[in-house]
Colleague: 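Please find one structure pasted underneath; my questions will follow.
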Protein chains: 2
Amino acid sequence: MNRFLSHAANRIDAKGRVSVPSAFRSVLSDGGVRELYCFQDFVFPAISVGGPELLDRFEKQMAAEDPFSSEANEMSLLVHGGGVFVKLDPEGRLMVTDFIRDFTGISTDVMFVGRGDYFQLWEPQAFVKAQAVAREGRKSRGLRPD
Amino acid sequence: MNRFLSHAANRIDAKGRVSVPSAFRSVLSDGGVRELYCFQDFVFPAISVGGPELLDRFEKQMAAEDPFSSEANEMSLLVHGGGVFVKLDPEGRLMVTDFIRDFTGISTDVMFVGRGDYFQLWEPQAFVKAQAVAREGRKSRGLRPD
DNA sequence: CTCATTCCCATTGACGCCCATATGGTCCCA
DNA sequence: TGGGACCATATGGGCGTCAATGGGAATGAG
């Protein structure tokens, strides 16, 4: 099952590092991913993380537009200016930089959240709340999984 | 991964110099770029910076049009009149001239913003705001990463 | 001669790579 | 079935290297 599933919180150490859950690392190495593309999510206060093909997808989308349009420029501001490649250390940890902290509100712990073909970094409390909101929304709309 | 990504703010020193982030310098040297072409961006209050091929691209585009058209004239006014070559000092720093300050509002700190095949210099606050606007626009238009 | 720019060197703080420890779970065997 | 060895993961910290920054000296222009 080569998808990012479930969620788990890990603690940030004194040097600002956090272990990526083993299950997520397995998915990455199965996919031959050595370098991770991270970007500030468009919808949630979270960092989305996946392989470089994520960025490729965005760039294809932008290439289809007029490169001088303000639409394409704004998209690039998010995708390029709001994105970064990171790699894990030999133990499978990543540095929690200000790039991540400022956008998510993360301070001492990181919630890793599977999203299928990518995963996200959340401030733990924020994730719990957002999930509760999502659950309520679905319930009031009538419970059907589709 | 030969692209300009992410954003980072560096401080201008007493002599008016600022360090270009190491990651950006790596992209430049990988591309064999020794001289940088800078121009006043068409869309944002920022200076765009890249290799000389950036200027070549603009000139090719102008050459494809009628050289006396108002389009081509305006483009030359921006690309040639609003552009300049600069080079980095041995430590990888660039001088923040009035050319840069006046157009961007930069005073004490410079935000370096990756834009894929080039990067930009922003006044830090202005970048944060522009990115927030871009994100709002995307959200309200309801577009998802795929 | 004076001011601005360029080059060179020093400092400090952050980051990457390495190894060590703890904790919890699983498997094997008596 | 219970105990214990084994293993994988998460976590902590030492240390070397490099990046960002500051300042002095040399160079060149007006």
Side-chain angles (χ1 to χ4, degrees), chain A residues 1 4-30 33-38 47 49 84-102 106-114 119-124 127, chain B residues 1 4-30 33-36 38 49 84-102 106-114 119-124 127:
Chain A
M1 194 48 63
F4 297 101
L5 288 181
S6 185
H7 63 270
N10 282 343
R11 155 171 278 275
I12 299 176
D13 70 18
K15 295 168 96 171
R17 303 169 298 186
V18 66
S19 293
V20 174
S22 170
F24 287 7
R25 293 195 320 251
S26 300
V27 176
L28 291 171
S29 66
D30 285 359
V33 175
R34 299 216 153 264
E35 213 165 18
L36 300 174
Y37 171 66
C38 310
I47 301 292
V49 184
V84 64
F85 280 121
V86 304
K87 45 187 196 313
L88 304 183
D89 75 9
E91 287 77 36
R93 293 177 285 197
L94 60 84
M95 280 293 303
V96 184
T97 60
D98 286 343
F99 176 89
I100 295 173
R101 293 178 192 267
D102 293 346
I106 288 170
S107 57
T108 64
D109 295 80
V110 177
M111 181 71 84
F112 290 84
V113 179
F119 65 90
Q120 293 180 323
L121 314 180
W122 284 73
E123 197 287 313
F127 169 69
Chain B
M1 188 286 282
F4 296 100
L5 285 183
S6 187
H7 63 268
N10 283 343
R11 167 175 298 274
I12 300 175
D13 70 17
K15 293 181 174 180
R17 303 170 297 185
V18 66
S19 293
V20 174
S22 170
F24 287 8
R25 292 193 325 249
S26 300
V27 176
L28 291 171
S29 66
D30 285 358
V33 175
R34 300 214 153 267
E35 208 166 21
L36 300 174
C38 309
V49 184
V84 64
F85 280 116
V86 304
K87 50 185 195 308
L88 303 183
D89 75 9
E91 286 77 37
R93 293 179 281 199
L94 60 83
M95 282 292 304
V96 183
T97 60
D98 285 342
F99 173 86
I100 295 173
R101 293 177 191 267
D102 293 345
I106 288 170
S107 57
T108 65
D109 295 79
V110 178
M111 182 71 87
F112 290 84
V113 179
F119 64 91
Q120 293 180 322
L121 314 180
W122 284 72
E123 196 287 313
F127 169 69

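From a predicted model like this one, the values you see are computed outputs, not experimental measurements. Every chain is numbered from 1, with letters handed out A, B, ... down the list of sequences. Computation of the quantities below employed the complete heavy-atom set of this structure, encompassing side-chain atoms and omitting hydrogens, waters and symmetry-equivalent molecules.
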Colleague: Please round to the nearest 0.5 Å and tell me the distance separating atom CZ of A:F127 and atom CD of A:Q120.
Modeller: 9.0 Å
Colleague: Quick one: does A:R17 reach the base of C:dG16 with a side-chain donor-acceptor pair under 3.5 Å?
Modeller: no
Colleague: Could you pick out which residue, B:A9 or A:A14, lies toward the 5' side of DNA chain D when each is mapped onto its nearest nucleotide?
Modeller: A:A14
Colleague: What is the separation between atom CD1 on B:I12 and atom P on C:dT5, rounded to the nearest whole Å?
Modeller: 14 Å
Colleague: Between P on C:dT12 and CG on B:D13, what's the gap in Å once rounded to a whole number?
Modeller: 17 Å
Colleague: Give a yes or no on whether a donor-acceptor pair under 3.5 Å exists between the nucleobase atoms of D:dG22, that is its base, and the side chain of B:R93.
Modeller: yes
Colleague: Check whether any side-chain heavy atom of B:F85 sits under 4.5 Å from a side-chain heavy atom of B:L36, and report yes or no.
Modeller: no
Colleague: To the nearest 0.5 Å, how far apart are CG in B:L88 and CD in B:E35?
Modeller: 10.5 Å
Colleague: Take the protein atom CG of B:D89 and the nucleotide atom P of D:dA19, then report the distance between them rounded to whole Å.
Modeller: 14 Å
Colleague: To the nearest angstrom, how far is A:M95 atom CE from D:dA19 atom C1'?
Modeller: 14 Å
Colleague: Polar atoms only, N or O, under 3.5 Å: list the protein pairs with nucleotides 8-10 of chain D and their distances.
Modeller:
from	atom 1	to	atom 2	distance (Å)
D:dT9	OP1	A:S22	OG	2.7
D:dA10	OP1	A:S22	N	3.2
D:dA10	OP2	A:S22	N	3.3
D:dA10	OP2	A:R25	NH1	3.1

Colleague: Indicate the ring-plane relationship of A:F4 and A:F119, choosing parallel, tilted or perpendicular according to the 30° and 60° boundaries.
Modeller: tilted
Colleague: Roughly how many Å is it from CZ in A:F99 to C1' in C:dC15, rounded to a whole number?
Modeller: 18 Å
Colleague: On a heavy-atom basis, which atom in A:S107 and which in A:I12 lie closest, and how many Å separate them?
Modeller: O-CD1, 3.6 Å
Colleague: I need the B:R11 CZ to B:D109 CG distance, nearest 0.5 Å.
Modeller: 5.0 Å
Colleague: What I want to check is whether an N or O donor and acceptor connect the side chain of A:K15 with the base of C:dG16 at under 3.5 Å.
Modeller: yes
